[in-house]
2 protein chains.
Amino acid sequence: MAISADPANASAFEKNHDHGRCIHNAMERALRLCKQNGARLTPVRQRVLELIWQSHRPLGAYQLLEQLSKEGFNSAPPTVYRALEFLLEQGLAHRITSLNAFIGCSHPGCRHQGYFLICRSCGSAEELPSESLAESLRQQVSQRGFLVESETVELSGLCPDCREQESH
Amino acid sequence: MAISADPANASAFEKNHDHGRCIHNAMERALRLCKQNGARLTPVRQRVLELIWQSHRPLGAYQLLEQLSKEGFNSAPPTVYRALEFLLEQGLAHRITSLNAFIGCSHPGCRHQGYFLICRSCGSAEELPSESLAESLRQQVSQRGFLVESETVELSGLCPDCREQESH
DNA sequence: AAGCGTAATGTTATACAGTATCATTTGCAG
DNA sequence: CTGCAAATGATACTGTATAACATTACGCTT
Ligand SMILES: [Zn+2]
Ligand SMILES: [Zn+2]
Ligand SMILES: [Zn+2]
Ligand SMILES: [Zn+2]
């Protein structure tokens with residue numbers, strides 16, 4: 001699958017990448033995919049997607065809500081939860097269960113579970129290319145006759161940069 | 001590994017195992033470990049541990065709270081959260097992030113992350129023996145210079161029994 | 001263009017999950 | 001017995017997510 005070879009996405013842990021381009025690419029892909037699927041990327045939905053792409057840090061629903069409210073959008077909890085639900089359905093975002101937060105999907109369009117590395121220091125999260133890992137998981141589990149339908153894999157720790165910092 | 005070979009624990013998905021024995025064994029081990037570590041398994045703590053062992057289904061803090069209250073224990077949220085915190089620290093229980101729930105650890109005494117299979121139909125959860133899986137994860141991640149400190153691995157789907165049922 | 005059904009949004013209220021803080025009690029070492 | 005630390009009690013609050021129902025916008029048919 002080789003996500004890292006996809007020029008559209010820098011690693012979340014490369015702190016000096018051109019993030020404007022990151023966002024731009026993400027929005028382009030989102031528009032294209034929604035058009036393809038006949039899904040409506042309405043203003044709130046689009047704005048929420050932009051917001052969770054503002055950084056590579058997962059954002060909580062109420063953080064998003066606050067931002068939306070500042071920008072004059074309607075701002076009751078259901079507004080943002082509905083937008084997030086839409087983005088999850090369309091495969092444009094992931095939910096990070098262990099943080100109660102949400103993040104843009106860095107390779108939408110191909111169905112997959114999100115496997116994440118989350119830095120406890122800088123808060124960045126990065127999707128792991130999942131194929132070989134998914135394979136290991138399936139092996140472990142199929143032996144037991146268990147049918148996996150969804151996977152939560154979230155590894156928390158220190159990203160290369162922060163690891164460096166802490167050692168000083 | 002070979003948890004299934006450990007006579008102290010039946011698989012959560014074997015619906016007709018002697019669960020009384022399951023609980024009994026769990027409590028014995030807990031007592032022993034606490035004594036070893038100089039930790040105090042006070043009445044609330046012990047009772048909470050028994051409660052999360054009543055079934056192989058993860059229980060929410062407020063479910064536990066309700067039960068405690070029925071039994072005349074003090075029943076404000078901090079009570080149960082403190083007990084749970086203690087049990088987590090002692091390695092006697094795990095938190096299931098994706099369910100906001102808690103479950104007894106089926107092999108306490110050896111430090112490990114809990115990797116779980118969770119049935120969406122019957123609600124049972126079972127710990128996977130984690131070694132080979134942990135190894136795959138570490139491999140994937142070490143390449144990237146990321147230092148893993150804690151892991152959340154929760155696979156949801158259908159257990160063998162429920163899979164059977166659904167196909168009828 | 002008018003009318004219609006569905007999808008999306010607005011609005012209010014509430015359920016569920018977890019924590020902060022400070023007072024009080026208990027267990028235990030000296 | 002005394003005094004400290006750990007554990008519990010009690011109150012209030014913050015944070016996360018959804019239920020339920022009213023209203024509006026959109027896209028299609030006629
Ligand atoms: Zn970026
Ligand atoms: Zn970092
Ligand atoms: Zn365990
Ligand atoms: Zn089941």
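Numbers restart at 1 for each chain; the letters A, B, ... are given by sequence-line order, proteins then strands.
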Determine whether the side chains of A/S150 and A/Q113 contain a donor N or O and an acceptor N or O closer than 3.5 Å.
-> no
Residue-level proximity of residues 69-96 of chain B to DNA chain C when a heavy atom falls under 4.0 Å | B/P77, B/P78, B/Y81, B/R82, B/R95
Donor-acceptor contact present, side-chain A/H19 to main-chain A/A12, <3.5 Å | no
Begin with the C-alpha distance, continue with both residues' side-chain angles, and end with the deciding distance and a verdict on side chain to side chain contact (heavy atoms under 4.5 Å, CB included) for B/L51 and B/Q54.
-> CA-CA 5 Å; B/L51 287 174; B/Q54 288 298 347; 4.2 Å; yes
Say whether B/S132 and A/Q140, considering side chains only, have a donor N or O and an acceptor N or O under 3.5 Å apart.
-> yes
Ion pair A/E166/A/R120, N-O distance below 4.0 Å | yes
Would you grab the first and last nucleotide of DNA chain C (5' to 3') that comes under 4.0 Å of any non-hydrogen atom in chain A?
-> C/dA8 to C/dT12
Compute the centroid of each ring, for A/H17 and then for A/H56, and state whether the two points are separated by less than 6.0 Å.
-> yes
Those residues at least two apart in sequence (or on a different chain) that pass ring-ring contact (aromatic ring centres under 6.0 Å, His included) with A/F13 are B/F146
Name the one of B/I103, B/L155, B/T152, B/V153 that satisfies side chain to side chain contact (heavy atoms under 4.5 Å, CB included) with B/F116?
-> B/I103
For B/E154 and B/S98, what are the C-alpha separation, side-chain angles and deciding distance, and is it a side chain to side chain donor-acceptor pair (under 3.5 Å)?
-> CA-CA 7 Å; B/E154 299 167 12; B/S98 59; 2.5 Å; yes
Do the side-chain N and O atoms of A/Q139 and A/Q143 include a donor-acceptor pair separated by under 3.5 angstrom?
-> no
Is there a donor in the side chain of B/H112 and an acceptor in the side chain of B/E127, or the other way round, less than 3.5 Å apart?
-> yes
Give, ordered by number, those residues of residues 45-61 of chain A having at least one heavy-atom distance below 4.0 Å to an atom of DNA chain C; if nothing qualifies, reply none.
-> A/R45
Distance-only criterion, 3.5 Å: show the donor-acceptor pairs between side-chain atoms of residues 74-85 of chain A and protein atoms not counting sequence neighbours.
from  : atom 1 : to    : atom 2 : distance (Å)
A/N74 : ND2    : A/T79 : OG1    : 2.8
A/T79 : OG1    : A/A76 : O      : 3.2

Give me the first and last nucleotide of DNA chain D, going 5' to 3', that has any atom under 4.0 Å from a heavy atom of chain B.
-> D/dA7 to D/dT11
